[in-house]
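Data block below; observations after.
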There are 2 protein chains.
Amino acid sequence: MDEKSLRILSAIAKQKTGSPDRIAESTGIPKSTVHYRIQQLKEADVIENDLFDVDLEAVGLSITLFSEVRAEFEEGYHETVGDELAEIEGVNQVYFTLGDTDFVVIAHLASRQEVERLVEAFEGIPAVERTSSKFVITTVKDESDPIADYETETLVDLLGESGDT
Amino acid sequence: MDEKSLRILSAIAKQKTGSPDRIAESTGIPKSTVHYRIQQLKEADVIENDLFDVDLEAVGLSITLFSEVRAEFEEGYHETVGDELAEIEGVNQVYFTLGDTDFVVIAHLASRQEVERLVEAFEGIPAVERTSSKFVITTVKDESDPIADYETETLVDLLGESGDT
DNA sequence: ATTGAAACTTGATCGTT
DNA sequence: AACGATCAAGTTTCAAT
């Protein structure tokens, strides 16, 4: 991972396209080189896939639910609980966190009924002790792909430590 | 938004590609029709853009930070505070939530120093009262695009209410 | 590893139903 | 609005550096 690859990644994120042509144009790097690099990045699983940004409102998933799920567990139990949470229909993200050692669950849902269904499902898991939920009123910012957030040079600085091609 | 468009959206999410060819192949809908529908969806801003999934670990952004930011404010102040939070370098998502009426901030960062910088930046905002942060240890699930999570038929059911072409 | 140019694959367009 | 055939545009490969 070197400066050139980061410039390409940054350009992809900024222009929100992976087209070799457009990336070549904006970076000044020839398109066959861009292509070559993107291949490498895919092979190294740095880039996983390309997909579309979907407007959640437009498809009816207008409710964003944050839940903190606290669970009582023995050693290793958290993986099981995490997986169980992840499998619930409608759950999009599950994080196991340090500190309070509980789960943060994020879901995008279509109706209040869906919310109720989810909370019930959470509490249906034996190990789950307590859940607390909050709804999103306004999404101030949703830049799920963070690469564009950093200036290329910042990234280069940050990555000065690990160095392999 | 009808059943056919949803089948297409679902296929896009599942196969993680927007290629008319591949969507046509998997849905049985002719590719020129798929193309036509995707155009419509783009025009209606249902599909916003295509982009790449980037492995955050691989680019050095291995720390995920959740922060709850509580702010004291008068009427309308929350937009200002939300924007200020969103502008901080490294912040990826900012939600204003109901219930405790505070902000949830999600950031992907490269180092502890970055974490400290962020927390300081949060607390540098005059209206901010209190912040509490937690780190992600394990990402159990990260399906940022939720469409694939729902079976097509579930989506069709959910969308039975609103109907425009 | 990089590149320019050639070869090919794919997405976008057009005309018909 | 849907679709099959056509065209334009794009990506991928190749050979040379």
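Just so it is clear, the model here is predicted, and its values are computed rather than measured. Chain A is the first sequence line, chain B the second, and so forth, proteins listed ahead of strands; every chain is numbered from 1.
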What is the distance, rounded to the nearest whole Å, between atom [atom1] of [X] and atom [atom2] of [N]?
X	N	atom1	atom2	value
A:Ile8	D:dT11	CD1	P	14 Å
B:Arg37	C:dA12	CZ	P	17 Å
B:Leu41	D:dA1	CG	C1'	14 Å
A:Asp50	C:dG11	CG	C1'	14 Å

side-chain hydrogen bond (donor to acceptor under 3.5 Å, both in side chains) pairs, two or more places apart, involving residues 106-127 of chain A:
A:Thr64-A:His108, A:Glu114-A:Arg117, A:Glu123-A:Thr131
Partners passing salt bridge (Lys or Arg N to Asp or Glu O under 4.0 Å) against [X] (at least two apart in sequence or in another chain):
X	answer
A:Asp145	none
A:Arg22	none
A:Glu3	A:Arg7
A:Arg130	none

Got a sec, which residues hit side-chain hydrogen bond (donor to acceptor under 3.5 Å, both in side chains) with A:Ser32, two or more places apart in sequence or on another chain?
none
Only counting residues at least two apart or in another chain, list the ones meeting side-chain hydrogen bond (donor to acceptor under 3.5 Å, both in side chains) with A:Glu143.
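For A:Glu143, the residues satisfying side-chain hydrogen bond (donor to acceptor under 3.5 Å, both in side chains) (neighbours in sequence not counted) are A:Lys16.
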Describe, as an angle rounded to 10 degrees, how the axis at the first end of the helix from C:dA1-D:dT17 to C:dT17-D:dA1 is tilted relative to the axis at the last end, five pairs per end.
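Here the helix ends are tilted 30° relative to one another.
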The complete set of ring pair (Phe, Tyr, Trp, His ring centres under 6.0 Å) pairs with one or both residues in residues 17-67 of chain B, sequence neighbours excluded, reads A:Tyr95-B:Phe66
Sub-4.5 Å side-chain heavy-atom contact between A:Thr17 and B:Asn49:
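Not in contact.
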For DNA chain C, what residues of residues 19-31 of chain B have any heavy atom nearer than 4.0 Å?
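Listed by number, they are B:Ser19, B:Pro20, B:Asp21, B:Lys31.
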Which Ile, Leu, Val, Met, Phe, Trp or Tyr residues join A:Leu51 in one cluster when any pair of side-chain heavy atoms under 4.5 Å counts as a link?
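Its cluster mates, by chain and number, are B:Leu51.
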Under 3.5 Å between N/O atoms: give me all the protein pairs with nucleotides 13-17 of chain D, atom names plus distance.
none

